[in-house]
Amino acid sequence: MKFVDEANLRVEAGDGGHGCLSFRREKYVPHGGPDGGDGGDGGSVYLIADHNLNTLYDYRINRVFKAERGGNGAGKNRTGAKGQDRYLPVPVGTLCYSRETDELIGDLTHDGETLCVAQGGYHGLGNARFKSSTNQAPRKTTDGTPGEIRELRLELKLLADVGLVGLPNAGKSTLLSSISAARPRIADYPFTTLQPQVGVVSAGPLKSFTLVDLPGLIEGAAEGVGLGHRFLRHVQRTRLLFHVVDAADIEGRDPVEQIRTISDELERFNPELAKRPRWLLLNKVDALEPATVEALRERIVTELDWQGPIYTISAIRPDTLRVLIDEAMEALDAAAAEATAADSDATDAADDERA
């Protein structure tokens with residue numbers, strides 16, 4: 001199935017059913033009272049996050065979705081049936097926007113989470129509702145209200161712990177296939193990766209993290225050049241970035257300039273993303289002498305004032321990746337613990353304010 005991370009659709013909630021105008025007709029009851037029932041509420045439209053999905057492709061085919069209308073009321077105080085709600089499954093990580101105002105309606109980040117995107121109409125009232133001591137035979141009813149109709153834009157941001165960024169042919173796909181079960185396309189030409197690829201990396205018993213590989217970025221990507229700019233949104237949710245660099249300069253690209261190019265594109269796309277923890281992975285070091293690798297490390301630190309970690313790896317040699325995986329797992333666990341502590345402190349502060 002084709003990977004699609006944006007879709008436009010129209011959702012129409014069901015109208016509420018109308019109230020009924022009716023009077024009892026019973027034998028030996030000369031003045032039967034009103035018995036018109038209420039209508040039923042219209043069905044609403046919901047988005048529901050499903051971890052089994054990873055694309056919005058279905059919403060490129062079908063674009064209009066309607067919930068069921070509420071039934072009309074009937075005599076003998078019978079209430080109309082409630083319209084059936086409509087649930088639209090979407091991948092976990094989907095954001096929903098209003099196309100008219102570009103307002104964010106909701107963000108589905110957990111499996112099974114639901115979001116009401118179109119409220120069903122409310123039921124109308126039957127004439128039995130309007131009976132009083134001064135109005136024994138009311139002929140008043142109300143109609144059900146219309147259901148909401150909304151034009152929506154869905155945007156998928158994949159949920160992953162670590163994002164892979166780098167220039168084309170830096171070895172990102174090879175790295176992903178080496179440390180996970182993912183099998184991306186690998187070839188000796190640029191842009192073999194045409195869509196994000198996600199893999200699960202095992203870091204030991206009951207320990208793992210997810211890794212997303214994006215199409216290679218090139219200079220000008222933030223302005224729309226190449227493919228990677230379309231998918232940079234998928235690393236906005238990551239807690240850590242692996243910046244893969246072709247240290248062997250096999251493509252004739254200076255490693256320091258490679259780092260500058262990607263740093264500039266991240267900054268242009270989203271300054272907050274540029275501040276995300278980023279680890280340099282000097283790849284293809286199996287083709288270099290140790291002295292050359294060490295000189296490159298010193299040059300990066302000197303010319304770029306690099307403060308973050310630098311790892312020397314070869315994506316085709318798993319033995320060079322073990323330390324990277326273990327330390328990444330430790331960093332992600334620490335970040336998760338810190339986030340949990342911050343949430344707990346915020347909750348305690350809110351409780352103190354209410355007290």
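All figures in this text were calculated on a predicted structure; none of them were measured in a lab.
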* **Flag, side chain of Ser132 to backbone of Asn135, donor-acceptor distance under 3.5 Å** => yes
* **Test item: Asp38 side-chain N/O and Gly19 main-chain N/O as donor-acceptor pair under 3.5 Å** => no
* **Working for ring-ring contact (aromatic ring centres under 6.0 Å, His included), residues Tyr59 and Phe65** => CA-CA 10 Å; Tyr59 299 105; Phe65 301 89; 5.5 Å; yes
* Out of Leu288, Ile310, Val244, which one pairs with Leu282 under the side chain to side chain contact (heavy atoms under 4.5 Å, CB included) rule? -> Ile310
* Please walk me through it: do Ile300 and Val256 pass side chain to side chain contact (heavy atoms under 4.5 Å, CB included)? -> CA-CA 6 Å; Ile300 291 171; Val256 173; 4.2 Å; yes
* side chain to side chain contact (heavy atoms under 4.5 Å, CB included) partner of Cys96, the single match among Leu108, Val11, Ile105 -> Ile105
* Quick one: does Glu148's side chain have a donor or acceptor within less than 3.5 Å of a partner on Ala13's backbone? -> no
* Asked: So if you build clusters from Ile, Leu, Val, Met, Phe, Trp, Tyr with side-chain heavy-atom gaps below 4.5 Å, do Leu175 and Phe209 land together?
  -> yes
* To do: Could you grab the distance from atom CG of Leu280 to atom OG of Ser263, nearest 0.5 Å is fine?
  => 7.5 Å
* Shared ILVMFWY cluster between Leu176 and Tyr311, side chains joined below 4.5 angstrom? -> yes
* Are Leu154 and Ile61 connected, step by step, through hydrophobic side chains (Ile, Leu, Val, Met, Phe, Trp, Tyr) whose heavy atoms are closer than 4.5 Å? -> yes
* Structure fact -> Rounded to the nearest 0.5 angstrom, the NZ-CE distance for Lys207 and Met329 is 6.5 Å
* Please report the C-alpha distance between Val301 and Arg297 in whole Å, then the side-chain angles of each, then the deciding distance to 0.1 Å, and finally whether the side chain to side chain contact (heavy atoms under 4.5 Å, CB included) criterion is met. => CA-CA 6 Å; Val301 172; Arg297 289 173 63 105; 5.6 Å; no
* Structure fact -> Note: Val198 and Val212 closest approach over all heavy atoms is CG2-CG2, 4.0 Å
* Structure fact -> Here the gap from Leu95 atom CG to Leu152 atom CG, rounded to the nearest 0.5 Å, amounts to 12.5 Å
* Quick one: does Asp85's side chain have a donor or acceptor within less than 3.5 Å of a partner on Ser44's backbone? -> yes
* Asked: Do Thr142 side-chain atoms and Leu125 backbone N/O form a donor-acceptor pair below 3.5 Å?
  -> yes
* Arg60 side-chain N/O to Glu6 backbone N/O, donor-acceptor pair under 3.5 Å -> yes
* N/O donor-acceptor pair under 3.5 Å between Thr238 side chain and Ala160 backbone -> no
* Asked: Thinking salt bridges, do Arg239 and Asp161 make one under a 4.0 Å N-O criterion?
  -> yes
* Starting from the C-alpha separation in whole Å, work towards a yes-or-no answer on side chain to side chain contact (heavy atoms under 4.5 Å, CB included) for Leu88 and Leu9. => CA-CA 11 Å; Leu88 308 179; Leu9 63 150; 3.9 Å; yes
* Measure from the side-chain N and O atoms of Asp41 to the backbone N and O of Gly70, and report whether any donor-acceptor pair falls under 3.5 Å. => no
* Worked check of side chain to side chain contact (heavy atoms under 4.5 Å, CB included) between Leu332 and Val162 -> CA-CA 9 Å; Leu332 293 171; Val162 181; 3.9 Å; yes
* Asked: Is a side-chain donor or acceptor of Ser208 paired with a backbone partner of Val200 at a separation under 3.5 angstrom?
  -> no
* Asked: Do Thr174 and Ile316 touch side chain to side chain, with heavy atoms closer than 4.5 Å?
  -> yes
* Approximate separation, where rounding is to 0.5 Å, of Leu164 CG and Lys172 NZ -> 7.5 Å
* With a cut-off of 6.0 Å (strictly less than), are more than 12 heavy atoms of other residues, nucleotides or ligands near CD of Gln84? -> no
* Hey, could you give me each pair passing salt bridge (Lys or Arg N to Asp or Glu O under 4.0 Å) that has a residue in residues 272-285? Not counting sequence neighbours. => Asp246-Lys284, Glu272-Lys275
* Inter-residue atom distance Leu158.CG - Asp5.CG, 0.5 Å rounding -> 7.5 Å
* Less than 4.5 Å apart, any side-chain heavy atom of Leu167 and any of Ile262? -> yes
* To do: State, with a plain yes or no, whether a side-chain heavy atom of Leu321 is found less than 4.5 Å away from one of Ser178.
  => yes
* To do: Please report the closest heavy-atom contact between Ala315 and Gly171, naming both atoms and the distance.
  => CB-O, 4.1 Å
* Please name the pair of heavy atoms, one in Asp286 and one in Ser314, separated by the smallest distance, quoted to 0.1 Å. => OD1-OG, 3.1 Å
* **Hphob cluster co-occupancy, Leu241 + Trp306, side-chain heavy atoms under 4.5 angstrom** => no
* For the hydrophobic clusters of this structure (ILVMFWY residues joined by side-chain heavy atoms under 4.5 Å, transitively), does one cluster hold both Val285 and Ile259? -> yes
* Tell me, yes or no, whether the heavy-atom count around Arg260 atom CZ, taken from other residues, nucleotides or ligands under 6.0 Å, exceeds 12. => yes
* Check whether any side-chain N or O of Asn127 sits under 3.5 Å from a backbone N or O of Pro138 as a donor-acceptor pair, and report yes or no. => yes
* Asked: Between Tyr122 and Thr145, what is the shortest heavy-atom contact and its length?
  -> N-OG1, 2.7 Å
* Structure fact -> Heavy-atom nearest pair, Ser202 first then Ile325, reads O-CG2, 3.8 Å
* Between CD on residue Glu155 and CG on residue Asn8, distance to nearest 0.5 Å -> 11.0 Å
* Structure fact -> Minimal heavy-atom distance between Val117 and Arg150, with the atoms involved, is O-CD, 2.7 Å
* Asked: Are side-chain heavy atoms of Asn72 and Arg69 found at a separation under 4.5 Å?
  -> yes
* Asked: Which residue pairs satisfy the salt bridge (Lys or Arg N to Asp or Glu O under 4.0 Å) criterion with at least one member in residues 88-108, sequence neighbours excluded?
  -> Arg99-Glu151, Asp102-Arg153, Asp107-Arg237
